[in-house]
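Each chain gets a letter, A, B and so on, in the order its sequence line appears, and its residues count up from 1.
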Protein chains: 2
Amino acid sequence: MVGTEGTQGARHRAAPVHARLADVTVQEALAALADPVRMRLVRELASSPEWTRACGSFDVPVGKAALSHHFAALRAAGVVEQRDEGARRVNRLRRAEFDARFPGLLELVLRGD
Amino acid sequence: MVGTEGTQGARHRAAPVHARLADVTVQEALAALADPVRMRLVRELASSPEWTRACGSFDVPVGKAALSHHFAALRAAGVVEQRDEGARRVNRLRRAEFDARFPGLLELVLRGD
DNA sequence: CTGGGTGTTCAACGAGGATCGAACACCCGG
DNA sequence: CCGGGTGTTCGATCCTCGTTGAACACCCAG
């Protein structure tokens, strides 16, 4: 566990709460991914190393507020994991876990078309 | 091609138009399936032999009008195929074709949870 | 401590879509 | 020809959800 800690030692902010994959239904998963903005987020996130992309660093045509909502949705569906790193909140795709729960779904989304 | 024709020789009704699977996007597919009613339709349909279930024969808590809309949505997404058989419109799941286009997705929905 | 950057929350708005009832079209059995 | 059964379409309603702007909270660099 040495080397990846960085700046996240003490967290005084509201810690993001994540979903237990087992509690996520297929419907919720599909509904979460069946949105153009969220799909772009997922794809863009997949093409970057983990924990490198802050929420605001995505190329989507919506304001901060909407963006926050979308990330909350993805979090609730168990698609992404978030961690506070200083002032910004960085993301990672829960690839393995999500794929174990919904085999092929993420791959399907990432394949694009 | 002999033996499965049945009653559908001449069709004077409005023939149901089906989607070309290649033109269906992942988003449309997910959006079509991310609905409780439509999901029940698909599951129930999967547990019956092809061409045996008419639209009205499904156990869903909506009226005829809504039902018609839902079937149109599933049709547009390439999930189901419909054929007029006398007065009623019977359905079949496009399992192989849909699975070829979106591998694992249908299986995921049918698995339930 | 102050200021800029980042994200969340809130209230409000608007668009999309799910739903219903009713009207219509069609097919079949009397 | 008529009537019941089956589906589609239309108009209207309702509600969910995506979106915004503003206010707030937090962190870091000066």
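Rounded to whole angstrom, the span from the CZ atom of A:Arg40 across to the P atom of D:dG18 amounts to 16 Å. Atom P of nucleotide D:dG18 and atom CG of A:Leu67 are separated by 13 Å, given to the nearest angstrom. Across the protein-nucleic acid pair, B:Leu74 atom CG and D:dT8 atom P stand 12 Å apart, rounded to whole Å. Taking atom CZ on A:Arg83 and atom P on C:dG7, their separation rounds to 15 Å, with Å as the unit. One interatomic measurement links the two molecules: CZ of B:Phe71 to P of D:dT6, which rounds to 14 Å at whole-angstrom precision. Rounded to an integer number of Å, the gap from A:Glu85 CD to C:dT6 P is 14 Å.
Backbone-only engagement by B:Ala54 is indicated by non-hydrogen atom pairs under 4.0 Å involving sugar-phosphate atoms exclusively.
A salt bridge links A:Arg92 with A:Glu97: the distance from a Lys NZ or Arg NE/NH1/NH2 to an Asp or Glu carboxylate oxygen falls below 4.0 Å.
A:Val24 is not listed as a side-chain neighbour of A:Phe98, based on a closest heavy-atom distance of 4.5 Å or more. In this structure the side chain of A:Cys55 reaches within 4.5 angstrom of the side chain of A:Gln82, judged on heavy atoms. Using a 4.5 Å heavy-atom threshold, the side chains of B:Leu45 and B:Phe58 count as touching.
Of the candidate nucleotides C:dT6, D:dT8, C:dT8, D:dT8 has the atom nearest to the side chain of B:Arg75.
For D:dT6, the OP1/OP2 oxygens have no side-chain nitrogen or oxygen of B:Arg89 closer than 4.0 Å.
More than 12 non-hydrogen atoms from other residues, nucleotides or ligands lie less than 6.0 angstrom from CD of A:Glu44. Counting heavy atoms of neighbouring residues, nucleotides and ligands inside a 6.0 Å radius, atom CZ of A:Arg40 exceeds 12 of them.
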B/S/- along nucleotides 14-24 of chain C (protein heavy atoms under 4.0 Å) is ----SBBB---
